[in-house]
2 protein chains.
Amino acid sequence: MLRISKLTDYGTVVLAHLAHDDSSLVSASDVAVATSIALPTVSKLLKALARADLVRSTRGAQGGYQLSRGAKEISAAAVIDALEGPVSITECSSHDGHCDIESVCAVGGAWQRINIAIRRSLEEVSLADLLQAQRLPSRFEFAGTPINIEMKN
Amino acid sequence: MLRISKLTDYGTVVLAHLAHDDSSLVSASDVAVATSIALPTVSKLLKALARADLVRSTRGAQGGYQLSRGAKEISAAAVIDALEGPVSITECSSHDGHCDIESVCAVGGAWQRINIAIRRSLEEVSLADLLQAQRLPSRFEFAGTPINIEMKN
DNA sequence: ATTAAATAGGACTAAAATAGTCCTCTTTTA
DNA sequence: TAAAAGAGGACTATTTTAGTCCTATTTAAT
């Protein structure tokens with residue numbers, strides 16, 4: 001259920017590598033070697049991440065990529081947006097999506113609300129959190145009720 | 001990002017219809033007519049929902065389906081599980097999934113944690129909630145920009 | 001008993017999304 | 001000016017998802 005794409009997952013790994021090598025420029029091929037992800041794929045990911053301004057690129061020889069801001073300033077939501085676009089949880093809730101059964105749909109905006117709730121929680125999680133895999137401080141509201149999320153481990 | 005499949009969405013609509021017609025048995029074709037979803041599709045959905053024990057089926061003439069429990073006792077998570085299987089947010093976090101880059105993956109269990117968080121929130125939401133959530137214009141911020149979500153009925 | 005109305009299960013096909021590769025162009029440094 | 005990088009996009013293959021259809025089984029009504 002509710003999966004993110006493999007590319008997004010890889011994207012996180014790539015970002016993680018950049019976060020590690022903090023100050024210096026890292027080329028796509030370095031990242032590919034370090035992560036064992038095929039170079040064309042890494043390249044594609046980094047281009048998309050650059051367009052979304054999550055990484056900054058420097059062209060030319062000795063060029064490469066670096067995070068455009070600190071790992072704490074990059075949210076999981078931003079990563080997903082960059083690599084999958086701002087798509088919603090259901091088709092009919094996306095902006096120009098058209099829903100065949102709209103007129104008889106009893107469910108209406110319910111999934112949207114869930115979507116928003118999930119989105120908020122993803123905004124609370126930063127790349128730094130992902131790296132540390134420590135307790136995630138997630139707390140958000142759904143349908144007016146505050147929901148606390150505790151994580152085991 | 002993070003979408004549920006169209007079938008799951010339809011499944012919710014189907015369940016919503018059953019919840020409406022509370023006490024009596026409703027045949028798959030009745031549901032199909034009422035929801036404007038093609039009969040074979042409705043049929044397929046109801047079978048899956050029956051296997052997951054979200055609806056109870058009665059075979060034979062005058063047979064049909066009904067919810068196996070009250071709408072409040074059916075969580076969004078259960079619906080998703082029934083129709084998409086208990087898959088995780090990433091491939092490598094699913095139970096028997098194998099991840100190519102496991103050995104160098106710096107992200108590790110981070111997405112799993114997010115997955116658990118989302119899952120919990122989906123367990124908090126019942127079918128009854130989904131039904132009530134009609135027509136609430138929503139507003140939230142993304143990347144500092146306020147975003148309005150309008151629902152067209 | 002027989003027939004008709006249902007569901008059960010699964011095989012199959014079609015369509016769409018995803019993943020991955022490759023080519024050509026531009027930029028920059030040595 | 002050559003080599004090392006990224007930019008952009010076209011293209012292909014694969015996988016997933018959606019949707020249909022067929023056959024078997026169950027049950028109620030006649």
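We name chains A, B, ... by the order of the sequence lines, and we start the count at 1 in each one.
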First locate atom [atom1] of [X], then atom [atom2] of [Y], and finally report the distance between them rounded to the nearest 0.5 Å.
X: B:Leu49; Y: B:Lys44; atom1: CG; atom2: NZ; result: 12.0 Å
X: A:Ser126; Y: A:Glu73; atom1: OG; atom2: CD; result: 8.0 Å
X: B:Glu84; Y: B:Leu7; atom1: CD; atom2: CG; result: 8.5 Å

Measure from the side chain of [X], starting at C-beta and using heavy atoms only, and say which of [options] lies closest.
X: A:Ser5; options: D:dG6, C:dT7, C:dA19; value: C:dA19
X: A:Lys44; options: C:dT29, C:dA19, C:dA8; value: C:dA19
X: B:Arg51; options: C:dT7, C:dG9, D:dT20; value: C:dG9

Taking [atom1] from [X] and [atom2] from [N], how many angstroms apart are they, rounded to a whole number?
X: A:Tyr65; N: D:dA5; atom1: OH; atom2: P; answer: 12 Å
X: B:Leu45; N: D:dT20; atom1: CG; atom2: P; answer: 11 Å
X: A:Leu46; N: C:dA19; atom1: CG; atom2: C1'; answer: 16 Å
X: A:Asp53; N: D:dA7; atom1: CG; atom2: P; answer: 12 Å
X: B:Asp9; N: D:dT17; atom1: CG; atom2: C1'; answer: 14 Å
X: B:Leu49; N: C:dG9; atom1: CG; atom2: P; answer: 13 Å
X: A:Leu39; N: C:dT21; atom1: CG; atom2: C1'; answer: 11 Å
X: B:Gln66; N: C:dT7; atom1: CD; atom2: P; answer: 12 Å

Check the phosphate of [N] against [X], side-chain N and O only, distance under 4.0 Å to OP1 or OP2. Yes or no?
X: B:Thr41; N: D:dT20; result: yes
X: A:Tyr10; N: C:dT18; result: no
X: B:Lys6; N: D:dG19; result: yes
X: A:Ser27; N: D:dA4; result: no
X: B:Ser57; N: C:dA8; result: yes

Taking the side chain as everything from C-beta on, heavy atoms only, tell me whether [X] gets closer than 4.5 Å to [Y].
X: A:Leu46; Y: A:Leu18; value: yes
X: B:Gln66; Y: B:Val26; value: no
X: B:Leu67; Y: B:Leu54; value: no
X: B:Tyr65; Y: B:Val55; value: yes

Pick the closest DNA chain C nucleotide for B:Thr58 and for A:Pro40 by heavy atoms, then say which residue is nearer the 5' end.
B:Thr58

Pairs under 3.5 Å (N/O, protein and nucleotides 24-26 of chain C):
| from | atom 1 | to | atom 2 | distance (Å) |
| --- | --- | --- | --- | --- |
| C:dT26 | O2 | A:Arg59 | NH2 | 2.8 |

Does B:Ser75 have any side-chain contact (heavy atoms from CB on, under 4.5 Å) partners at least two apart in sequence or in another chain, and if so, which?
B:Ala77, B:Ala78, B:Glu123

Please evaluate the base of D:dG6 for a donor-acceptor partner in the side chain of A:Lys47 within a cut-off of under 3.5 Å?
no

